[in-house]
Trainee: 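Below you will find the structure I want to go over with you.
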Amino acid sequence: MTESWATFGADLHLHLDLSTRRGLRAGLTEALREAARSGRLAAGTRLPSSRTLAADLGIARNTVAEAYAELVAEGWLTARQGSGTRVAERARPRRSGAVAPVRRPARKGPAYSLIPGSPDLGGFPRAAWLSAARRALTDAPNEAFGYAADPRGRIELRQALAGYLARARGVYADPERIVLCAGFLHGLALLAGVLRARRVRDVAVEGYGLDFHRDLLVRAGLRTRPLGVDGEGARTGELTAAAGAVLLTPAHQFPTGVALTPARRAAAVDWARTTGGLILEDDYDGEFRYDRQSVGALQGLDPDRVVYLGTASKSLAPGLRMGWMVVPPGLLEEVLAAKRPMDWACGALDQLTLAEFITSGAYDRHVRGMRLRYRRRRDELVAAVGDRVGVSGIAAGLHAVLDLPEGLERSVLQSAAWQDLALHGLGRFRHPDADADPAPRDAVVVGYGTPSDSAWGPTLAALAAALP
């Protein structure tokens, strides 16, 4: 039976080891040859086009085309007009003389993934980033290669971020009050330590959110108190003086996908001013709004009571370990005191590269391109599910919530597992102490930013097969 490469797993590039001393082409050729020899790529499997595989691997298209041509010449692959490049039919003789079928070894983990939280890593702007890195390295002052003198991070990046955040997110961002960190969790850990030192005991969190954010706060000696979440976002009117801080995702609540309404934004700021509490704003995907101009950050309403946290994890890649906080004046020295003893932020050259990437306009161009890509994927997701399930939340970000008939969340997750699809239900994000008002919803959270372009089609097909 003739099958597509995507039938097996989904991203061929995830199963290829290109490590070799003889160069990328030799490494790719050896990896494909061994995959065909071992049966990992079964006879008749159609391989992705040279353009698609090159994009997934981040290498030149000619490199893939030359590897394909060499393996065709050796007889491992066949190439025919209109049929694409396929693994050649080859028999493996048994000792008895019979022909043994080629067996595919077991894969590690699901073939497809729609787990939310990750961008399409194949979309990382390698060429533009490399150009920015070269310029940054050429212009870097000698002292950039020494030990960091300022725990806030490189002034070049702080200045670039101040301009960008003011323009794109409506943040009041003085470079002197920007503190660079190694991602959101690093920033949250610093703030948790400061809150504990201030003798804060309770932090309000949204009733739906990431468990490892809550766990970090608990490990710091704080208690998390859930706020109800409905179609208008977190119920900030429920905030009391008992909480010393609140962690919110106002622009795009994670994971329910709603935006915090103006009235509830105002209620949160009023609570902070009245009680002296702090608002920790997680603006994790604020650049990606598809149906209208992005709503500005909550921090603009009161820079003295809101700590703004952002990262490059969704807009570029989580592997950069690049994040930032815009800290109120009255909190800055405490944050720096917490950061100085363990200043494990990103390296100076990466900071200088991102600064150059932003100031050159490359960052804006990249975000615009990814915004179009993710909007197209969201539209394709909505079209694929049709009217079988509802899609809730605003048109934004890298994930969507598919609402299910009551009682079907568990069965859909089981069906997804049968389709070899990694998928999360909304229930896994619910705070364990959340009350029953509003009642728990049956839904799945679809991270449509996660698959590569080449895997998106079969992944979407697997999801459609798993839905009722």
Side-chain angles (χ1 to χ4, degrees), residues 13 24 54-63 118-169 171 173-176 178-184 186-187 283-288 294 308-326 343-374 398 449 452-453:
H13 71 282
L24 279 175
D56 284 349
L57 295 172
I59 61 179
R61 183 183 179 185
N62 283 347
T63 301
S118 176
D120 177 2
L121 301 179
F124 184 81
R126 297 169 190 254
W129 184 263
L130 181 59
S131 296
R134 285 171 174 160
R135 294 192 299 270
L137 183 60
T138 299
D139 297 338
N142 291 338
E143 51 89 11
F145 299 95
Y147 292 108
D150 192 332
R152 288 172 295 191
R154 295 294 306 183
I155 183 60
E156 297 91 340
L157 179 53
R158 290 188 281 120
Q159 289 173 336
L161 283 170
Y164 172 77
L165 293 174
R167 170 172 52 83
R169 302 297 302 127
V171 173
D174 183 339
E176 298 303 306
I178 294 179
V179 179
L180 304 178
C181 49
F184 177 82
H186 182 201
D283 193 37
Y284 66 99
D285 65 358
E287 296 98 339
F288 297 111
S294 294
Y308 176 90
L309 297 103
T311 76
S313 297
K314 304 299 184 292
S315 57
L316 285 168
L320 291 177
R321 306 310 308 146
M322 197 87 71
W324 44 86
M325 296 186 287
V326 183
D343 192 6
W344 44 277
C346 47
L349 291 180
D350 284 339
Q351 294 179 45
L352 292 172
T353 300
L354 181 56
E356 171 64 26
F357 199 70
I358 293 172
T359 56
S360 69
Y363 187 79
D364 287 270
R365 290 191 294 273
H366 170 70
V367 168
R368 284 196 298 269
M370 297 306 291
R371 190 183 292 130
L372 291 173
R373 178 185 295 198
Y374 293 138
L398 279 66
S452 68
D453 277 349

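In what follows, every heavy atom counts, from backbone to side chain, and hydrogens, waters and symmetry copies are set aside.
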Trainee: Determine whether Pro119 and Phe124 make a side-chain contact, defined as any pair of heavy atoms from C-beta on separated by less than 4.5 Å.
Mentor: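 No, every pair of side-chain atoms sits at 4.5 Å or beyond.
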Trainee: Run the salt bridge (Lys or Arg N to Asp or Glu O under 4.0 Å) test on Glu287 and Arg169 for me, step by step, so that the C-alpha distance in whole Å, both residues' side-chain angles and the decisive distance to 0.1 Å come before the verdict.
Mentor: CA-CA 8 Å; Glu287 296 98 339; Arg169 302 297 302 127; 5.8 Å; no
Trainee: To the nearest 0.5 Å, how far apart are OG in Ser452 and CG in Leu121?
Mentor: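 Ser452 OG to Leu121 CG: 9.5 Å, rounded to 0.5 Å.
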Trainee: Does any non-hydrogen side-chain atom of Trp129 lie less than 4.5 Å from one of Phe357?
Mentor: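 The answer is yes, as the side chains (C-beta and beyond) meet within the 4.5 Å cut-off.
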Trainee: Restricting to side-chain contact (heavy atoms from CB on, under 4.5 Å), what partner residues turn up for Asn62, sequence neighbours left out?
Mentor: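 Listed in chain order: Glu66.
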Trainee: With sequence neighbours excluded, what pairs up with Arg167 under the salt bridge (charged side-chain N to carboxylate O under 4.0 Å, His left out) test?
Mentor: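 Salt bridge (charged side-chain N to carboxylate O under 4.0 Å, His left out) check on Arg167 returns Asp364.
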Trainee: Provide the closest heavy-atom pair for Ala173 versus Val326 in the form atom of the first, atom of the second, distance.
Mentor: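 Where Ala173 meets Val326 most closely, the heavy atoms are CA-CG1, 4.1 Å.
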Trainee: Mind checking side-chain contact (heavy atoms from CB on, under 4.5 Å) for Arg365 and listing every partner two or more places apart, or none if nothing turns up?
Mentor: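 If we apply the side-chain contact (heavy atoms from CB on, under 4.5 Å) test to Arg365, skipping adjacent residues, the hits are Ala362, Arg368.
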Trainee: Kindly list each side-chain donor-acceptor pair under 3.5 angstrom involving residues 154-161, sequence neighbours excluded, with atom names and distances?
Mentor:
unit_1: Arg154; atom_1: NE; unit_2: Glu156; atom_2: OE1; d: 3.1
unit_1: Arg154; atom_1: NH1; unit_2: Glu143; atom_2: OE1; d: 3.0
unit_1: Arg154; atom_1: NH1; unit_2: Glu143; atom_2: OE2; d: 3.3
unit_1: Arg154; atom_1: NH2; unit_2: Glu143; atom_2: OE2; d: 3.0
unit_1: Arg154; atom_1: NH2; unit_2: Glu156; atom_2: OE1; d: 3.4
unit_1: Arg154; atom_1: NH2; unit_2: Glu156; atom_2: OE2; d: 2.9
unit_1: Arg158; atom_1: NE; unit_2: Gly153; atom_2: O; d: 3.1
unit_1: Arg158; atom_1: NH1; unit_2: Pro175; atom_2: O; d: 2.8
unit_1: Arg158; atom_1: NH2; unit_2: Asp150; atom_2: OD2; d: 3.3
unit_1: Arg158; atom_1: NH2; unit_2: Gly153; atom_2: O; d: 3.3

Trainee: Count the heavy atoms belonging to other residues, nucleotides or ligands that lie under 6.0 Å from CZ of Phe145, then report whether that count exceeds 12.
Mentor: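 Yes - once you tally the heavy atoms of other residues, nucleotides and ligands closer than 6.0 Å, there are more than 12.
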Trainee: Can you find a pair of side-chain heavy atoms, one from Asp283 and one from Leu309, that are under 4.5 Å apart?
Mentor: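 They are not in side-chain contact.
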Trainee: Could you note down all residue pairs passing side-chain hydrogen bond (donor to acceptor under 3.5 Å, both in side chains) where residues 346-361 supplies at least one of them, sequence neighbours left out?
Mentor: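 Residue pairs with at least one partner in residues 346-361: Arg135-Glu356.
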Trainee: Let me confirm one number: the SG-NE2 distance from Cys346 to His186, rounded to the nearest 0.5 Å.
Mentor: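 Result: 9.5 Å between the selected atoms.
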Trainee: Run the side-chain contact (heavy atoms from CB on, under 4.5 Å) test on Val367 and Phe288 for me, step by step, so that the C-alpha distance in whole Å, both residues' side-chain angles and the decisive distance to 0.1 Å come before the verdict.
Mentor: CA-CA 8 Å; Val367 168; Phe288 297 111; 4.3 Å; yes
Trainee: If you look at every heavy atom in Ser294 and Gly286, which pair is closest and at what distance?
Mentor: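 Taking Ser294 first and Gly286 second, the nearest heavy atoms are OG-O, 3.1 Å.
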Trainee: Yes or no on side-chain contact (heavy atoms from CB on, under 4.5 Å) for Trp324 and Leu354, after CA distance, side-chain angles and deciding distance?
Mentor: CA-CA 12 Å; Trp324 44 86; Leu354 181 56; 4.1 Å; yes
Trainee: Which pairs of donor and acceptor atoms, one on a side chain in residues 312-323, lie under 3.5 Å apart (sequence neighbours left out)?
Mentor:
unit_1: Ser313; atom_1: OG; unit_2: Thr311; atom_2: OG1; d: 3.4
unit_1: Lys314; atom_1: NZ; unit_2: Gly117; atom_2: O; d: 3.4
unit_1: Ser315; atom_1: OG; unit_2: Tyr363; atom_2: OH; d: 2.7
unit_1: Arg321; atom_1: NH1; unit_2: Pro318; atom_2: O; d: 3.3
unit_1: Arg321; atom_1: NH2; unit_2: Ala182; atom_2: O; d: 2.9

